[in-house]
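Keep in mind that what you see is a predicted model, and the values were worked out from it rather than measured. Numbers restart at 1 for each chain; the letters A, B, ... are given by sequence-line order, proteins then strands.
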Amino acid sequence: MSGTYLGMPAFPEAAREAVADTTLRGNLRHATHTIRAKRAKAVTEVSDWAELREAGKRIKDHTLRHLDRYLVQVEETVTAAGGIVHWAADAGEANEIVTRLVKMTGETEVVKVKSMATQEIGLNEALEAEGIHAYETDLAELIVQLGKDRPSHILVPAIHRNRGEIRDIFAREMSEWGRPAPEGLTDTPAELAEAARLHLREKFLRAKVGISGANFMVAETGTLVVVESEGNGRMCLTLPDTLISVVGIEKIVPTWQDLEVFLQTLPRSSTAERMNPYTSTWTGTTDEDGPQNFHLVLLDNGRTDTLADEVGRQALRCIRCSACLNVCPVYERAGGHAYGSVYPGPIGAILSPQLRGTGSEIDASLPYASSLCGACYDVCPVAIDIPEVLVHLRERVVQGGEVTREGNKVVLRPAKGHAAERAAMRAARWAFTHPGALRTGQRAASRSRRFHPRTLPGPGRAWSETRDLPPVPTEPFRDWWQRTRGGKDGDR
Amino acid sequence: MNSRERILGRVRRALADASADEAPIARDYLREHGQRTAAQTVELLAENLADYRAVVHRTDEAGLPALIAGLLEKRGAASVLVPSGLDEGWLAATGVTRVADRAESTPDELDRVDSVVTACAVAVAETGTIVLDGSPDQGRRRITLVPDHHVCVVRVPEQVVSSVPQGLERLDPARPLTWISGPSATSDIELDRVEGVHGPRTLEVILVGGA
């Protein structure tokens, strides 16, 4: 995945810094609470939400179960409609394909509609290295790009910035990239949006190459779908001569009819609207309307490895609505950057370690970036059981085991740093199967309680650094039971 | 081995252990939400369009040319984009300079046009959405994108459906479609909704009923 995130500290360190930033916490709290309340209202408007959610889950599971067939079908239908289909096994290959396609046009500038897939593969950096400038055109992505920052939310990438910070970024940076911000720019959202409109319009009107992702690909018809609000998507999808769409292979739905489910659940789950302002669908190319050259790059980049995991594959149902981020108590406090991935929040905590593998420290820490409260599962419009996958991935991190990497089965060794946890669990297993030893140990613990340290020594320190040690009671439960009820209420 | 074969091979190996029997996809969700007469559905469309800050007007066939002329005049429009198949009568009452929707027009030329008038393919009441499918009376996708003022005519009740499922049924996926729900908007700054970032900042929808 993206080189942007290389060298990120593991989640606990990154989160410790983030939670100390009171501006960040204020911005995040305001944003997540606003949107979660709106979303709840938008969902109650449709009485068949449960049925829509179940249908969405089933459609995606069915697609994944027959992904090979649908991939071949979408290749056929897109080609028949005048598009050209490319296959990219990993980020490097996808970047090479896109770079080559842009170079073939002779252009050195491209306009982009926000795309998680292209962020995931670090496309902007790859293009820049070849002398091609990629302009992000979503307002929030523009804020992030101008601020030399990283996105922190799937849907609202600049959620961590408030209006004052955005004003400063625009006033300082816009002139470096094109049309400067107007003199005397204030921090009202309307003025900021107007500044972005003027700055980007000059880029849209001269753009010859557009790059997008897609929310859905319809296998039956070869239709691609982009769901957006601002119109920057429509600009990128219709004004340039050449359109290149980089799409994860899991974004397929089998039939046109299937869209009726997702076009109802996605807007309500993501922006809490009945419908987003703009949805564009296109099937190959259309004579004299929109780009006359259309390329679809089908991206694997760890998705087939994720598909190989029986428990973890459900993460591929994700339609990137970001509802799970907005309800997550951990995301709300730590912010998106702490996850060290383009996919932050609960979904990122299960998707990133599967797409990238759990080899790095950050990826091994992500399955722990959760309180397992289950709110993410409740709001997920395709019913991904995120807590189940988190626990599954924790087991993999601690115990190791067989996983698929780049299509090959490999045996993963237990991750470093979990030796104490494994030892503690082994000790617990022994103690719980030896009642006499457990009793003796519990009594000793109670009698020595005044001398207990507040933090654990040795390898236990890592655990107690972020948690309070529970106080040991004055006597073990079993002794208390014997003393107060022992033998009286009928001992079994 | 090329990447296509590599990816398809990985998918097949990944699914080797997946069980073959799967639960059927139950489509027991609703085809529309609530029971409404055709008139009530049009009413709901008007409400939901207005809720997302589209300006809604109602008239009949006879009143349409005067209404369109009035809207363009009020806007101070000096020029209007006209799709090739637009009913000529709709613009009969206005003297505003007409600009034809031509494939050769550059985006800069479109940017200098003030308004655009189009028909639509279908409108979805429950979501307050109008859908354009590039038919001759709606024109290329870009003409409803670059000018800042879009006037869209919806024939009611014939072109109005209740729900997204009913809308999809009526549409041809082979055509390029644009679903529009209110004017362009963003919520990227502190989740405050602001109308008009890149698309038209003003969307006026005319519901035309009766002969």
> Report which part of Pro24(B) has an atom under 4.5 Å of a heavy atom belonging to chain A: side chain, backbone, both, or neither.
backbone
> Looking only at heavy atoms, which of residues 33-55 of chain B get nearer than 4.5 Å to chain A?
His33(B), Asn48(B), Asp51(B), Tyr52(B)
> Could you tell me which portion of Leu307(A) (side chain, backbone, both or neither) has an atom closer than 4.5 angstrom to a non-hydrogen atom of chain B?
both
> Might you work through the side chain to side chain donor-acceptor pair (under 3.5 Å) test for Glu260(A) and Tyr29(B), ending with a clear yes or no?
CA-CA 10 Å; Glu260(A) 70 190 14; Tyr29(B) 46 87; 2.5 Å; yes
> Without swapping roles, check the side chain of His198(B) against the backbone of Ser229(A) for a donor-acceptor pair under 3.5 Å.
no
> Given that the side chain runs from C-beta out, which part of Glu220(A) has a heavy atom under 4.5 Å from chain B: side chain, backbone, both or neither?
neither
> Heavy-atom pairs under 4.5 Å with chain A are the metric here; pick the option from Leu177(B), Thr106(B), Val194(B) that has the most.
Leu177(B)
> With a 4.5 angstrom heavy-atom cut-off, which part of Ala207(A) approaches chain B: side chain, backbone, both or neither?
neither
> Does atom CD of Glu5(B) have more than 12 heavy-atom neighbours, drawn from other residues, nucleotides or ligands, at distances under 6.0 Å?
yes
> So what's closer than 4.5 Å to chain A heavy atoms on Arg27(B): side chain, backbone, both or neither?
side chain
> When only heavy atoms count and the cut-off is under 4.5 Å, which of residues 117-128 of chain B reach chain A?
Glu126(B), Thr127(B)
> Which atoms of Leu171(B) are under 4.5 Å from chain A, going by heavy atoms: the side chain, the backbone, both sets, or neither?
both
> Identify which part of Glu406(A) has an atom lying under 4.5 Å from any heavy atom of chain B, answering side chain, backbone, both or neither.
both
> Return the option, out of Glu104(B), Arg6(B), Arg193(B), Arg142(B), with the maximum number of heavy-atom pairs under 4.5 Å with chain A.
Arg193(B)
> Under the criterion side chain to side chain contact (heavy atoms under 4.5 Å, CB included), I'd like the reasoning laid out for Val156(A) against Leu191(B): C-alpha separation, chi angles, the key distance, then a yes or no.
CA-CA 8 Å; Val156(A) 214; Leu191(B) 295 173; 4.2 Å; yes
> Counting only non-hydrogen atoms closer than 4.5 Å, does Ala174(B) touch chain A with its backbone (N, CA, C, O), its side chain (CB onward), both, or neither?
backbone
> For Ile249(A), is it the side chain, the backbone, both, or neither that has a heavy atom closer than 4.5 Å to a heavy atom of chain B?
side chain
> Examine whether an atom of Arg13(B) lies under 4.5 Å from a heavy atom of chain A, and if so say whether it belongs to the side chain, the backbone or both; otherwise answer neither.
side chain
> If you count heavy-atom pairs under 4.5 Å between each of Val164(B), Leu30(B), Leu203(B), Leu132(B) and chain A, which one has the most?
Leu30(B)
> Using a strict 4.0 Å threshold on nitrogen-to-oxygen distance, state whether Arg201(A) and Asp148(B) make a salt bridge.
no
> Looking just at side-chain N and O atoms, do Glu230(A) and Thr186(B) make a donor-acceptor pair shorter than 3.5 Å?
yes
> What part of Thr129(B) gets within 4.5 angstrom of chain A, counting heavy atoms only: side chain, backbone, both, or neither?
side chain
> Taking Arg163(A) first and then Asp192(B), would you say they form a salt bridge - that is, a charged N and a carboxylate O separated by under 4.0 Å?
yes
> Under a 4.5 Å heavy-atom cutoff, which of Arg12(B), Glu195(B), Glu190(B) has the most pairs with chain A?
Glu190(B)
> Could you tell me if the side chain of Arg141(B) sits less than 4.5 Å from the side chain of Trp282(A), heavy atoms only?
yes
> For the pair Arg102(B) and Glu288(A), find out whether any cationic side-chain nitrogen is under 4.0 Å from an anionic carboxylate oxygen.
no
> Taking atom types as modelled, is there a side-chain donor on Arg234(A) or Thr144(B) under 3.5 Å from an acceptor on the other?
yes
> Going by atom types alone, do Glu93(A) and Ser3(B) pair a side-chain donor with an acceptor below 3.5 Å?
yes
